[in-house]
Amino acid sequence: MLELLRVSKQFRHSKAPVLRDVSFTIGDGEILSVLGPSGCGKTTLLNLILGVLEPSSGSILLNGDDITAVSMRKRGISVVFQDFALFPNLSAYQNIVYGLHNHPDASGKTEVDELIELLDLKPHLQKRISELSGGQKQRVAIARTLVLKPRLLLMDEPLSALDGMIKESIKALIRKIAQKYRLTTIIVTHDPEEALSLSDHIMILHDSKVAQFGTPREILESPADEFVERFICRQLYIKRDNIMKLFEGVSAREVA
Amino acid sequence: MRQVREGNSAFGLTEQRLMFVAVAAVMGAALIIPLCWVFETSFAGPGGGSLEYWVSVFSKKRLLRVVGHSFTVSSIVAVVSTAIAFLCAYFIWACRFPRIISQLFRLVLLTAFFLPSITYGFAVIYSFGRQGLITSLLGKLPFSIYGFNGLLIAGTVYCTPFAFMLLQNAFLYVNRNYQTVSAMLGDNLLRTFWMTAFRPVAGAVCSAFLLTFFLNFTDFGIPSSIAGRYEVVPVMLYSYMMGAIPDFGRGAVVAMLMLAPSVIAVVLLRYASRLNFVSGSASASSDMPVNPLLRICGLAFLMAVCLMIFSVLAVVFVVPFVENYPYKMNFSLVTLKRLLSDESIASSFRNSVWVASLTVICGCALCYFAALLSKRSVLPRWAGVLMDFFAMLTNTVPGMVLGVGFMFCFGGTFLMNSFAILVLCNIIHFFTTPYLMCSDALSRMNRGYEITSALMGDSYFQALRRVIVPNSFLTLCSVASYLFINAMVTISAVVFLCGAHTQVMTTRIREMQYYERFDAVFVLSFLIFVTNVAVKIAFDLLPAYIPALRRSLRRRREAAAARAQ
């Protein structure tokens with residue numbers, strides 16, 4: 001379980017805080033999507049949880065332990081970046097087991113094999129990173145973090161570099177992993193559709209503050225303010241209307 | 001390119017054929033024929049085709065000794081300057097200093113680009129010699145400054161900025177997320193350094209090593225001033241060609257030998273680039289905190305490097321402004337005034353500026369047309385491949401070898417000792433970089449410009465004048481600045497070709513050495529420096545004052561910002 005208590009962050013040279021009084025709780029195996037426009041503090045929040053940055057005030061608790069002052073290396077939290085940050089001089093397999101050089105007890109061979117099976121990476125293990133597709137790279141990056149059995153998984157825009165069918169398969173995979181390993185997962189995204197279809201909870205950030213925190217249904221049915229309504233619902237309505245118009249156009253042409 | 005070919009195969013075909021003939025003729029006459037001439041001369045022998053010159057050169061112990069000297073000093077200079085440059089680039093990247101510090105450091109290093117290599121030798125003599133600036137501060141050095149030691153110091157100061165620029169550019173594309181991943185996966189500091197800093201730029205490190213080796217191996221300026229009895233290949237070539245008894249046959253053999261490491265270096269450079277971690281765009285900023293100890297070490301190291309460069313080059317900026325260096329060190333403009341009123345110095349200054357300006361005009365045209373034929377032409381593909389081949393070949397040929405080729409090819413003609421031959425030699429010598437710059441700009445440009453112009457009723461040349469060239473102005477400014485500065489500082493390319501009336505400043509510096517007029521050496525160097533800085537600033541500021549260029553500049557910045565995001 002991850003708990004943030006009134007976490008704020010202000011950089012030394014900036015006038016206004018990047019995050020103000022952010023508080024939320026998510027349980028084991030749950031998926032939280034952090035949603036918001038560019039510059040609202042999503043990545044800063046990720047860096048605070050990861051331990052790259054220290055909050056200016058507030059506390060971060062993981063499974064009841066206060067980890068606010070614990071260094072990144074000791075938190076046991078993993079991250080998958082948007083660009084995957086895979087080492088291109090190593091093969092897919094070498095990337096996956098990279099962390100085991102430093103933590104040999106984290107996973108046994110059977111567990112690694114099981115993970116490779118789960119992520120359907122067996123045919124690609126000896127390939128170089130440049131030979132992998134976007135979806136395969138994403139799965140290698142996920143495997144690399146899961147090998148170390150993290151207490152929490154952070155994902156920065158995990159689906160933005162992927163398209164169509166691959167996006168859907170990775171979504172399903174993220175859900176499967178969260179359930180199988182009871183791994184609490186936080187996903188940063190700017191796509192409402194992605195957040196609604198993937199998460200147990202959604203947190204919308206606006207102007208450095210939490211605009212709304214709730215389940216996808218709560219957010220769709222009762223947006224907290226005009227921004228949430230505009231940011232989430234209108235985007236979806238516009239998409240829906242465009243699709244409907246497209247259908248109507250097709251039907252009209254068929255009739256004609 | 002395919003679009004232009006397929007969509008509008010006839011547009012500009014005749015014009016491009018004419019351009020192709022012109023460019024190929026120039027490159028053939030000024031690159032291929034001179035090189036063939038060097039090759040042919042080395043095999044000529046007194047009684048026709050033979051290996052006599054080769055056997056004669058190779059049978060002498062002198063060759064082995066000289067090549068050994070060149071390899072030793074160039075290898076050590078390459079290792080030292082690459083190591084220094086890597087650490088500088090690493091510290092700037094890893095410590096994320098305020099912008100002003102990295103800009104200041106770049107500025108100090110840029111100084112080195114504006115001075116000819118021959119100045120470095122003299123600067124080392126005047127800094128570390130018996131009456132030198134550094135000797136007076138630190139006391140007498142325990143080693144002689146002439147020969148190996150001098151070559152090592154001057155070579156390192158000369159080559160480090162080139163290696164630094166290459167490595168700093170490589171670091172721009174290193175993914176900073178590697179640092180987070182490495183820490184997250186439990187790497188220790190050494191492994192983090194290896195995986196996130198060194199390994200991603202390993203290719204650039206190899207390139208920097210090869211570049212500095214090649215630069216030092218083929219440079220004539222530094223050894224001509226400071227090598228003493230420690231003979232290296234360029235000095236040997238010069239002594240064969242311009243010695244008391246010229247020996248062109250053996251000179252041609254040495255020129256061919258000089259070509260070999262350059263060819264190897266260029267081939268290896270292509271492989272070295274594959275070692276880099278490829279990243280499509282400049283790396284985003286990182287929130288990872290920087291270790292304060294690393295910052296202190298980094299700052300101290302950068303300051304030490306600046307001090308090293310500045311202490312060697314300070315003499316260039318001191319001598320023109322004191323009464324009589326090193327005896328009367330009071331500030332005075334007497335030396336500067338006296339030497340500026342010297343007609344031989346004033347004429348070489350005029351000649352240099354004239355040659356550099358003509359190099360800019362003709363060089364921009366040649367490089368641009370060659371790039372146009374390669375990247376936006378309707379000619380068959382082999383025409384573009386041929387242009388690329390010319391670029392690769394010019395990159396491989398050292399300036400001195402080209403000069404020897406010109407000497408053989410144009411000796412005895414009206415071109416010898418003329419400004420035209422100097423301009424031509426400079427253009428061919430510095431062809432590669434401007435060609436690549438133009439190629440890059442032209443290949444990024446919208447593919448439909450020519451077709452759109454054709455549909456609007458423009459002829460091909462009108463399309464070039466009204467659309468293509470104006471959209472390449474920024475690149476042409478950079479190319480012009482590059483050509484001017486290099487034409488001002490080169491000595492290797494022109495040392496065999498200058499006549500009494502066409503002496504440029506770098507060759508005049510060499511001449512002043514014989515008369516032991518070292519004050520003139522530094523005043524000339526200072527003049528080259530000031531002119532180059534003025535030209536660089538002028539070309540850098542030009543886009544800001546011309547509306548069309550300002551728009552291009554804004555578009556380019558926006559595109560760069562979008563790529564970085």
Side-chain angles (χ1 to χ4, degrees), chain A residues 9 11-13 18 38-39 41 43-48 50-54 71-90 94-106 128-130 140-141 144-148 150 152-154 156-157 160-161, chain B residues 94 96-100 170 172-206 271-292 295 561-565:
Chain A
K9 178 68 189 176
F11 289 108
R12 212 184 302 162
H13 301 294
V18 185
S38 300
T43 305
T44 304
L45 179 68
L46 207 76
N47 283 333
L48 287 169
L50 185 62
V52 169
L53 294 174
E54 264 186 55
S71 75
M72 182 176 78
R73 289 170 187 267
K74 291 178 183 165
R75 282 192 187 190
I77 297 175
S78 273
V79 63
V80 175
F81 287 106
Q82 185 180 2
D83 59 13
F84 318 126
L86 295 168
F87 297 119
N89 57 321
L90 307 177
Q94 286 169 325
N95 265 285
I96 292 169
V97 297
Y98 185 92
L100 293 180
H101 288 290
N102 305 310
H103 305 283
D105 302 328
R128 301 200 75 80
I129 298 306
S130 56
V140 171
R144 181 173 69 176
T145 59
L146 292 184
V147 157
L148 293 183
L152 182 75
L153 178 63
L154 307 176
D156 189 4
E157 304 271 7
S160 64
Chain B
R96 297 204 297 273
F97 290 118
R99 204 175 148 77
I100 181 97
L172 284 179
Y173 294 89
V174 174
N175 190 341
R176 286 189 187 272
N177 285 338
Y178 287 142
Q179 286 182 308
T180 313
V181 167
S182 176
M184 189 182 79
L185 297 176
D187 281 347
N188 58 31
L189 288 177
L190 199 65
R191 196 163 157 84
T192 298
F193 170 79
W194 175 260
M195 286 304 288
T196 67
F198 185 81
R199 191 55 195 82
V201 297
V205 172
C206 292
Y271 287 100
S273 61
R274 292 183 194 170
L275 288 173
N276 281 341
F277 284 8
V278 180
S279 174
S281 57
S283 177
S285 62
S286 166
D287 285 329
M288 280 280 278
V290 180
N291 186 337
R295 275 207 158 157
R563 279 202 300 278
Q565 276 176 4

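Order of the sequence lines sets the chain letters (A, B, ...), proteins ahead of strands, with each chain counted from 1. The figures here come from the full heavy-atom set of this structure, side chains too, leaving out hydrogens, waters and symmetry mates.
For a residue to count as touching a neighbouring chain, one of its non-hydrogen atoms must lie under 4.5 Å from one of that chain's; by this rule A:Asn89 touches chain B with backbone and side chain alike. Only the side chain of A:Leu50 comes within contact range of chain B, with heavy atoms under 4.5 Å apart. For A:Ile77, the part sitting under 4.5 Å from any heavy atom of chain B is the backbone (N, CA, C, O) and nothing else. For chain B, no part of A:Ser71 is nearby; none of its heavy atoms comes within less than 4.5 Å.
In this pair, A:Tyr98 and A:His101 present their aromatic rings perpendicular. The plane angle is above 60°, beyond the 30 to 60° band.
The candidate from A:Asp156, A:Leu148, A:Thr43 with the greatest count of non-hydrogen atom pairs under 4.5 Å with chain B is A:Leu148. Interface remark: of the candidates A:Ser130, A:Gly99, A:Ala85, A:Ala85 forms the most heavy-atom pairs closer than 4.5 Å to chain B. Of all the listed residues (A:Val80, A:Thr44, A:Leu86), the one sharing the greatest number of non-hydrogen pairs under 4.5 Å with chain B is A:Leu86.
Seen from the ring of A:Phe87, A:Arg144 counts as a face-on cation partner, given the 6.0 Å and 45° thresholds.
When every heavy atom of A:His103 is checked against every heavy atom of B:Leu185, the shortest pair comes out as CD2-O, 3.6 Å.
Using modelled atom types, no side-chain atom of B:Arg295 and backbone atom of B:Ala94 make a donor-acceptor pair closer than 3.5 Å.
Within the 4.5 Å cutoff, the side chain of A:Phe84 has no heavy atoms near those of the A:Ile129 side chain.
Side chains of B:Thr192 and B:Ser182: a donor on one and an acceptor on the other come within 3.5 Å.
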